[in-house]
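Every chain is numbered from 1, with letters handed out A, B, ... down the list of sequences.
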2 protein chains.
Amino acid sequence: MRYFMTFSYDGTNYNGYQKQPKAKTIQGEIEKALKKINGDKKVDIHASGRTDAGVHAYNQKAHFDLSKKQECDKLIKSLNSLIPDDIYIKHIDEVADDFHARYNVTAKEYVYEINMGQYNPIQKNYQYQYNKRLDVSEMERALKYLEGEHNFKSFTKANEEKEDYNRRIIQTLLIRDTKDLNHITISFLGTGFLRYMVRNMVGLLIEVGEGKIKSEEVIDILNAEDRRKAGVCAPACGLYLKDVFY
Amino acid sequence: MRYFMTFSYDGTNYNGYQKQPKAKTIQGEIEKALKKINGDKKVDIHASGRTDAGVHAYNQKAHFDLSKKQECDKLIKSLNSLIPDDIYIKHIDEVADDFHARYNVTAKEYVYEINMGQYNPIQKNYQYQYNKRLDVSEMERALKYLEGEHNFKSFTKANEEKEDYNRRIIQTLLIRDTKDLNHITISFLGTGFLRYMVRNMVGLLIEVGEGKIKSEEVIDILNAEDRRKAGVCAPACGLYLKDVFY
């Protein structure tokens with residue numbers, strides 16, 4: 001029986017989503033719980049993709065197979081009682097045997113949170129504390145150049161020679177909080193994202209906001225297909241996997 | 001020289017504001033840092049009041065004396081570099097020698113955050129995860145009965161016989177987040193608050209929201225002057241000291 005689940009997590013205290021032999025990971029914690037539910041037989045979960053250490057998820061998705069049929073509501077309850085309270089299983093459905101939570105993804109949305117105001121210790125692990133005003137209008141213009149299909153080699157760790165660096169960003173948004181003008185949220189909806197791609201795009205947008213790079217230079221940076229052209233990687237704690245679409 | 005500071009903190013990893021011999025506290029951490037700045041001489045800080053373990057502060061205020069005059073901006077920087085990153089000194093001013101951060105308080109505002117939606121692991125330590133819909137209108141009516149001058153003995157731990165339980169709540173607000181209708185913030189502006197008073201008032205409001213108590217019964221509960229009449233204490237993690245006025 002194949003199951004498909006939606007779950008959220010606070011990535012602060014994890015070494016990323018993906019299982020590792022000695023480190024605490026989201027996948028590791030959920031698989032440990034599933035093994036107990038599955039009569040002590042190992043269960044592999046297949047997520048829509050990994051998230052790095054410190055990155056959070058509102059709606060990560062994954063599938064897994066169990067040896068016996070289980071009632072979904074009961075399964076949610078058992079799982080939530082076995083996993084740490086910074087991970088939460090929101091929903092589980094039965095799915096067809098050929099459904100795959102990674103291969104069948106059609107789009108993903110990531111959001112990135114930036115605080116341009118005074119350092120807020122309460123949000124320490126949940127936003128990038130930039131602490132200075134950025135030129136938000138110029139950032140919004142730069143953001144629009146990232147939309148569409150591009151080779152995003154300048155925005156990833158280029159280590160695999162044969163990798164296809166083309167991705168399509170369907171829509172971007174830069175939202176300024178009306179209650180707190182120092183807070184901005186940047187949203188990226190795309191068919192897929194390369195490793196560090198969102199954080200590298202945000203890093204570039206910050207340099208645009210600082211006036212170091214002009215918004216139209218984003219075109220040259222994309223065309224360069226060279227990581228060294230695109231500035232720094234924004235911190236993990238500001239990044240959230242918001243949704244995965246199928 | 002007397003200094004007056006505004007600071008914020010994430011109360012999650014502290015045993016409350018007030019110094020204790022063996023536990024990690026906000027006051028303990030700041031005093032440790034101030035001692036270094038003050039030529040290894042002990043500095044006592046006097047805050048507007050304590051906050052309990054797990055309670056957060058956006059703008060806590062305190063005064064302290066240093067043996068030598070220091071530039072306020074430099075003092076902020078030195079202090080912030082010495083304290084943990086879940087405490088942050090926002091502002092320091094020189095004040096008159098007879099200014100007292102506790103005795104001179106004219107009002108305080110506390111806010112309490114409640115999530116009536118699905119459990120959110122990312123906000124685990126920052127709101128009360130109630131997970132069910134409450135009758136918000138009835139809660140708002142109940143809240144209004146708490147405004148004004150009352151004996152709040154029903155809302156505190158009554159252990160000191162001669163204590164004056166009269167306090168005045170100047171204004172209350174119940175705000176429903178327009179972006180997330182499941183999220184409510186309750187604000188209490190008052191001349192002073194007894195220990196656990198805000199959390200006990202919120203606990204009662206939740207029982208009103210659940211339909212267990214009618215809003216107008218708040219009057220009887222106030223008049224009873226008996227802790228046993230007023231229901232449970234809401235969890236610390238939802239509470240924030242928002243501001244202190246002088």
Side-chain angles (χ1 to χ4, degrees), chain A residues 6-14 17 26 29-30 51 54-60 76-77 79-81 83-92 111 113 115 117-127 129 131 175-180 182-183 185 187 235-242, chain B residues 6-14 17 26 29-30 51 54-60 76-77 79-81 83-92 111 113 115 117-127 129 131 175-180 182-183 185 187 235-242:
Chain A
T6 303
F7 54 111
S8 54
Y9 48 83
D10 178 338
T12 307
N13 297 315
Y14 292 90
Y17 169 78
I26 313 289
E29 293 298 318
I30 304 178
T51 55
V55 174
H56 316 291
Y58 290 122
N59 295 289
Q60 170 68 289
I76 294 175
K77 276 188 191 149
L79 258 179
N80 279 326
S81 71
I83 57 177
D85 62 1
D86 48 8
I87 310 175
Y88 183 69
I89 312 299
K90 298 170 85 169
H91 196 83
I92 300 183
V111 296
E113 307 288 349
N115 171 31
Q118 204 172 34
Y119 175 76
N120 178 357
I122 298 165
Q123 288 289 314
K124 180 167 70 78
N125 302 315
Y126 306 102
Q127 60 185 8
Q129 312 255 8
N131 308 343
I175 301 150
R176 199 151 180 179
D177 192 322
T178 49
K179 281 193 288 187
D180 173 8
N182 282 321
H183 189 92
T185 305
S187 154
C237 62
L239 185 61
Y240 296 73
L241 174 57
K242 175 111 183 276
Chain B
T6 304
F7 54 112
S8 54
Y9 47 84
D10 178 339
T12 308
N13 297 315
Y14 292 90
Y17 169 79
I26 312 288
E29 294 298 319
I30 303 178
T51 55
V55 174
H56 316 291
Y58 290 122
N59 295 289
Q60 170 68 287
I76 294 176
K77 276 190 190 148
L79 258 180
N80 278 326
S81 72
I83 56 177
D85 61 3
D86 47 8
I87 309 174
Y88 183 69
I89 312 300
K90 298 170 85 169
H91 195 83
I92 299 182
V111 296
E113 307 287 349
N115 171 32
Q118 204 171 33
Y119 175 76
N120 178 357
I122 298 165
Q123 290 289 315
K124 179 168 70 79
N125 302 315
Y126 306 102
Q127 60 186 6
Q129 311 254 8
N131 309 342
I175 302 150
R176 197 151 180 179
D177 191 322
T178 49
K179 283 193 288 186
D180 173 9
N182 282 321
H183 189 92
T185 304
S187 153
C237 63
L239 186 61
Y240 297 73
L241 174 57
K242 174 113 184 274

Apply side-chain contact (heavy atoms from CB on, under 4.5 Å) to the pair A:Y119 and B:N80, showing each step before the final yes or no.
CA-CA 11 Å; A:Y119 175 76; B:N80 278 326; over 6 Å; no
Using heavy-atom distances under 4.5 Å, tell me whether B:Y88 contacts chain A through its side chain, its backbone, both, or neither.
both
Engaged part of A:D177 at the chain B interface, taking heavy atoms whose separation is under 4.5 Å:
side chain
Please state whether the side chain, the backbone, both or neither of A:Y9 comes within less than 4.5 Å of a heavy atom of chain B.
backbone
Side chain, backbone, both or neither: which part of B:F7 has an atom under 4.5 Å from a heavy atom of chain A?
neither
Are any side-chain N or O atoms of B:Y126 and backbone N or O atoms of A:Q123, one a donor and one an acceptor, separated by less than 3.5 Å?
no
Name the region of A:K179, side chain, backbone, both or neither, that has any atom closer than 4.5 Å to a heavy atom of chain B.
side chain
Answer with side chain, backbone, both or neither: which region of B:K124 has an atom nearer than 4.5 Å to a non-hydrogen atom of chain A?
side chain
Which of the residues A:D10, A:I87, A:D85, A:D86 is involved in the greatest number of heavy-atom pairs with chain B at under 4.5 angstrom?
A:D85
